[in-house]
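The structure appears below as structure tokens.
Computed over heavy atoms, backbone and side chain alike; hydrogens, waters and symmetry mates excluded. Protein chains get the first letters and strands the later ones, always in sequence-line order, with residue 1 at the start of each.
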Amino acid sequence: MSENSPEKEVVVKKNFIHQIIEEEIKAGKNGGMVHTRFPPEPNGYLHIGHAKSICLNFGTAQKFNGITNLRFDDTNPSKEDTEYVDSIMEDVRWLGFDWGDRLFYASDYFQKLYDFAVRLIEEGKAYVDDQNAETISSQKGTPTRPGTESPFRNRPVAESLDLFQRMKAGEFNEGERVLRAKIDMASPNMHMRDPIIYRIMKTPHHRTGDKWSVYPMYDFAHGQCDYWEGITHSVCTLEFEVHRPLYDWFIDQLKDSDYRPRQIEFARLNLTYTVMSKRKLLQLVKENYVNGWDDPRMPTICGLRRRGYTSASIRNFAERIGVTKVDGVIDVALLEHSVREDLNKHAQRVMGVLNPLKVVITNFPEGQVDELDAVNNPENPDAGTRKVPFTREIYIERDDFMENPPRKFFRLSPGKEVRLRYAYFITCNEVVKDENGEVVELRCTYDPASRGGNSPDGRKVKATLHWVSVTENVKAEVRLYDRLFSDEEPDGHKDKDFLEFLNPDSLEVLDNCYVEPFVKDAKALDSFQFERLGYFNVDPDTSSDKLVFNRTAPLRDTWAKMQGK
RNA sequence: UGACCCGUGGUGUAAUUGGCAACACGUCUGAUUUUGGUUCAGAAGAGUCCAGGUUCGAGCCCUGGCGGGUCAACCA
């Protein structure tokens with residue numbers, strides 16, 4: 001119904017990367033071509049932080065009439081899997097982006113990468129090191145102290161060549177030898193201290209099987225892939241800033257013209273009340289703190305989608321937050337605002353009662369069904385109207401009745417008259433309680449002249465209540481979500497684990513809810529506004545005999561806010 | 001004590017590249033309303049981390065501090 005709203009395209013603001021590109025184009029660089037790439041590692045599901053990167057990479061290319069490649073950075077078979085490849089493609093597509101026929105894998109370049117490594121050895125710019133991980137690491141030095149050179153650093157080229165070939169042939173065990181670039185063990189940049197560029201791995205690769213037993217490291221693969229694909233702008237997050245000299249060093253060895261990809265770093269997205277690291281998200285899933293990667297409380301793309309977020313709202317959000325090198329934290333309220341804005345314009349309105357309280361209209365004929373007209377979306381007259389059945393017995397929201405109301409409570413209470421949305425004015429005459437003193441039923445009378453919601457005598461009422469017929473309805477389960485963590489920055493505490501801040505009330509399941517018949521044929525992911533309550537969408541758990549809704553976001557609620565004070 | 005990066009209302013982003021700080025979210029008023037939603041009108045809130053300097057003029061340039069982040073995986 002409103003999963004996507006492509007008609008309203010996102011206005012792309014100018015950020016510092018666009019500014020750099022504009023200047024380059026003015027200077028005639030790359031013949032005015034802009035070619036970006038989105039390079040996920042297939043070792044987890046995409047989250048809202050990746051969405052920012054996706055929108056940046058694809059959006060930037062679109063802005064400058066360029067193109068974007070999708071490239072899986074699959075250089076570590078021990079962590080990667082095709083399960084993730086599929087979900088990543090689905091998510092990028094759902095976000096509304098298209099890589100055309102430019103789907104690549106770092107593994108496509110394994111042979112070229114290997115050949116390039118051989119060339120570096122031949123040129124005396126790389127060597128095989130026989131030392132183990134601990135030894136190599138101890139020779140690395142520290143950020144303030146230079147490292148020491150490996151005893152194998154100056155072994156004959158022929159020897160390195162032979163050993164590297166035998167590493168590839170599988171003659172050695174994992175960890176026995178590595179290939180290192182010969183750069184500068186005294187560099188103030190740790191990444192330039194003879195970085196390891198190939199390691200032995202015997203784990204089968206999800207695409208190349210057991211063809212290889214040596215795999216390139218990220219630093220040795222990424223820039224070269226960019227180069228071979230003709231990428232002009234290699235946009236990545238801030239933590240790769242210190243890698244840039246190494247990225248450039250490899251390109252320097254490789255390039256045979258003026259062309260070279262340019263790495264530009266930006267700040268990754270952080271959101272209040274959530275964690276964003278893949279490791280932590282994986283932990284939440286593995287240890288069952290949530291129900292899978294697509295749990296609607298997760299900041300994953302699939303979680304947000306299941307929660308009812310539209311791709312348009314995520315694209316708008318990505319645009320709103322901007323792109324800079326300042327690493328900060330975005331208020332989740334901005335994300336929530338983005339969905340409400342989109343859903344307000346597009347969501348079908350419907351009435352649903354979450355915590356039912358039975359109301360008997362004593363002067364309404366028994367057995368009669370009154371079909372009333374209701375507006376489908378006040379923001380969009382073209383959405384038309386529908387019929388809602390009204391009967392002698394209805395449900396209203398428990399919160400909409402108070403026996404002893406405070407001054408500002410406009411809703412129903414003994415003796416008071418309110419409007420039932422699209423139906424009639426009713427007055428509460430009697431409160432029926434059970435033996436515990438709990439209100440179990442209200443007995444009201446209606447004014448037949450107020451059909452449709454207006455009284456001919458011009459009488460005003462302060463409140464309009466939503467309602468659902470006791471006999472004409474669809475029963476449903478509704479899942480209410482709150483933030484997963486109770487702390488603004490759950491992983492921002494040095495002395496406390498982020499799990500300590502898990503919100504025990506992040507999920508509330510209501511299984512005695514009633515919705516008007518209109519929703520009976522709703523399909524998974526369809527979005528609705530339950531009037532006065534919020535936006536809800538149909539969960540895929542829905543079956544033919546059980547309708548399940550997720551609350552995407554509540555409506556702004558000034559009454560709740562007043563009470564909170 | 002090293003290298004690199006960053007520092008503008010509560011939060012995020014802007015500022016025609018040197019011309020008296022704007023927009024969004026949030027907050028608070030008020031109006032409208034058959035959703036205490038939406039919409040509309042308005043308000044409060046920073047003098048741009050600090051100190052010097054250049055200049056008629058600095059958030060933008062220079063110098064020096066201070067604060068924060070990243071980097072010592074055979075991860076990406």
Side-chain angles (χ1 to χ4, degrees), chain A residues 13-15 19 39-41 43 73-76 78-80 106 129 132-133 136-138 140-147 174-180 187-193 195-201 214-215 217-219 221-222 236-245 265 267 272 278-279 320-338 340-341 344-345 349 351 374-375 378-379 408-411 419-423 425 450 452-454 460-466 488 529-535 554-562:
Chain A
K13 295 191 294 189
K14 194 197 285 185
N15 58 49
Q19 236 164 73
E41 182 189 13
N43 69 342
D73 223 330
D74 56 350
T75 56
N76 186 352
S78 69
K79 290 189 173 175
E80 296 149 7
D129 195 330
N132 61 30
I136 290 176
S137 139
S138 70
K140 265 251 146 118
T142 71
T144 51
R145 256 194 315 253
E174 290 188 7
E176 269 182 22
R177 283 183 172 76
V178 290
L179 183 68
R180 293 228 255 167
S187 169
N189 184 331
M190 298 291 289
H191 297 280
M192 300 299 272
R193 322 242 262 228
I196 290 166
I197 59 179
Y198 262 96
R199 74 297 210 185
I200 297 169
M201 286 189 131
V214 288
Y215 290 91
M217 300 287 289
Y218 164 85
D219 284 312
H222 203 97
C236 61
T237 47
L238 250 28
E239 66 271 25
F240 291 100
E241 206 148 23
V242 275
H243 292 240
R244 188 166 5 115
E265 311 84 13
T272 55
K278 272 191 194 174
R279 202 208 100 231
R320 248 188 271 257
I321 61 177
V323 181
T324 64
K325 302 187 73 156
V326 187
D327 90 295
V329 192
I330 307 277
D331 193 340
V332 261
L334 189 57
L335 216 210
E336 287 164 3
H337 171 262
S338 297
R340 285 203 194 95
E341 178 187 58
N344 175 52
K345 282 196 195 98
R349 309 291 131 120
M351 289 194 284
V375 172
E379 305 297 315
K408 289 279 187 119
F409 187 83
F410 303 149
R411 283 109 97 146
R419 169 169 40 233
L420 292 177
R421 179 88 154 146
Y422 299 126
F425 284 10
S450 63
N454 278 307
K460 298 278 188 220
V461 289
K462 263 295 214 181
T464 301
L465 271 40
H466 61 275
E488 274 209 13
Q529 183 196 98
F530 287 6
E531 295 214 33
R532 305 209 303 134
L533 296 177
Y535 298 100
L555 250 30
R556 281 180 64 199
D557 188 345
T558 54
W559 168 241
K561 196 179 283 178
M562 284 164 67

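One C1' atom belongs to B/G69, the other to B/C62, and the distance between them is 25 Å to the nearest Å. To the nearest whole angstrom, the two C1' atoms, one in B/A31 and one in B/U38, are 14 Å apart. Separation of the P atoms belonging to B/C60 and B/C50 is 10 Å when rounded to the nearest angstrom. For the P atoms, the distance linking B/A44 with B/G30 amounts to 16 Å, nearest Å. A distance of about 15 Å separates the C1' atoms of B/U54 and B/G64, rounded to the whole Å. When the C1' atom is compared between B/G68 and B/U29, the two are found 37 Å apart, to the nearest whole Å. Separating the P atom of B/G12 from that of B/A51 is a span of 23 Å, rounded to the nearest Å. Taking the P atoms as reference points, B/A43 lies 13 Å from B/A24, given to the whole Å.
The side chain of A/N15 approaches B/A14 more closely than any other nucleotide in the set B/U38, B/C71, B/A14. Considering only side-chain atoms of A/Q529, the nucleotide from B/U35, B/A76, B/U38 that sits closest is B/U35. Nearest to the side-chain atoms of A/D557 among the listed nucleotides B/A76, B/C5, B/G36 stands B/G36. Comparing atom distances between the A/R320 side chain and each of B/A24, B/G2, B/A76 picks out B/A24 as nearest. Looking at the side chain of A/T464, the nearest of the listed nucleotides B/U35, B/A76, B/A72 is B/U35. Closest to the side chain of A/Y218, from the set B/C5, B/U38, B/A76, is B/A76. Side-chain proximity of A/D327 to B/G36, B/U70, B/G69: nearest is B/G69. With distances taken from any side-chain atom of A/R532 to the nucleotides B/U35, B/C5, B/G26, the minimum falls on B/U35.
The nearest heavy atom of RNA chain B to A/S137 and to A/R411 marks one nucleotide each, and the one closer to the 5' end goes with A/R411. In this structure, A/P143 and A/P39 both approach RNA chain B, and ranking their closest nucleotides by distance from the 5' end singles out A/P143.
Between the side chains of A/T464 and A/R421, no donor-acceptor pair of N or O atoms lies under 3.5 Å. Between the side chains of A/S78 and A/N76, at least one donor-acceptor pair of N or O atoms lies under 3.5 Å.
Residue-level contact check: A/S338 touches neither bases nor backbone, having no heavy atom under 4.0 Å from any strand. Heavy atoms of A/R340 sit nowhere under 4.0 angstrom from any nucleic acid atom. Within 4.0 Å (heavy atoms only), A/Y198 reaches no atom of the nucleic acid at all. Heavy atoms of A/H243 sit under 4.0 angstrom from at least one base atom. Nucleic acid contact for A/V326: sugar-phosphate only, since backbone atoms but no base atoms lie under 4.0 Å from a heavy atom of the residue. The residue A/R421 sits close to a base: some heavy atom pair falls under 4.0 Å. Within the nucleic acid shown, A/N132 comes within 4.0 Å of at least one base atom, counting heavy atoms only. Within the nucleic acid shown, A/G328 comes within 4.0 Å of sugar-phosphate atoms alone, with no base atom in reach, counting heavy atoms only. Across all strands shown, A/K278 has no heavy atoms under 4.0 Å from either base or sugar-phosphate atoms. Residue contacts for A/N344: at a heavy-atom cut-off of 4.0 Å it reaches a base atom on one of the strands shown. As judged by a 4.0 angstrom heavy-atom cut-off over every strand, A/Y422 is placed among the base-contacting residues. Base engagement by A/N454 is indicated by at least one non-hydrogen atom pair under 4.0 Å involving a base atom. Using a 4.0 Å heavy-atom distance criterion, A/L238 is classed as making no nucleic acid contact. A/M217 comes within 4.0 angstrom of sugar-phosphate atoms only, judged by non-hydrogen atoms across all strands, and of no base.
With hydrogens and angles ignored, the 3.5 Å screen pairs a side-chain donor or acceptor of A/R193 with a backbone N or O of A/S187.
OP1 and OP2 of B/U13 both lie 4.0 Å or more from every side-chain N or O belonging to A/K14. Between B/U1 and A/T144, no contact under 4.0 Å exists linking OP1 or OP2 to a side-chain N or O. Within the 4.0 Å cut-off from OP1 or OP2 of B/U27, at least one side-chain nitrogen or oxygen of A/K561 is found. Contact check, A/T75 against B/A76: a side-chain N or O comes under 4.0 Å of OP1 or OP2. Using a 4.0 Å cut-off, no side-chain N or O of A/T324 falls inside it from OP1 or OP2 of B/G12. For A/R199, a side-chain nitrogen or oxygen approaches OP1 or OP2 of B/A76 to under 4.0 Å. OP1 or OP2 of B/C25 lies within a sub-4.0 Å distance of a side-chain N or O belonging to A/H337.
When both distances must be under 3.5 Å, the Watson-Crick or G-U wobble mate of B/U8 does not exist.
Minimum interatomic distance between A/K79 and A/N43 (heavy atoms only, all atoms of both residues): O-CB, 3.4 Å.
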- Message: Run A/E379 and A/R349 through salt bridge (Lys or Arg N to Asp or Glu O under 4.0 Å) and show every step you take.
- Response: CA-CA 10 Å; A/E379 305 297 315; A/R349 309 291 131 120; 5.0 Å; no

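Taking the six-membered ring where the residue is Trp, the centroids of A/F409 and A/W559 are separated by under 6.0 Å.
The base of B/U35 sits within donor-acceptor range of the side chain of A/R349, with an N or O pair under 3.5 Å. Side-chain to base pairing of A/E241 with B/G69: no donor and acceptor N or O lie closer than 3.5 Å to each other.
You'll find the side chain of A/R532 reaches within 4.5 Å of the side chain of A/L465, heavy atoms only.
The pair A/R199-A/E174 does not count as a salt bridge, with every side-chain nitrogen at least 4.0 angstrom from each carboxylate oxygen.
Look at B/U63: its glycosidic torsion is beyond 90° from 0, and that puts it in the anti range.
Once rounded to the nearest 0.5 Å, the distance linking OH of A/Y218 with CD1 of A/I197 reads 15.5 Å.
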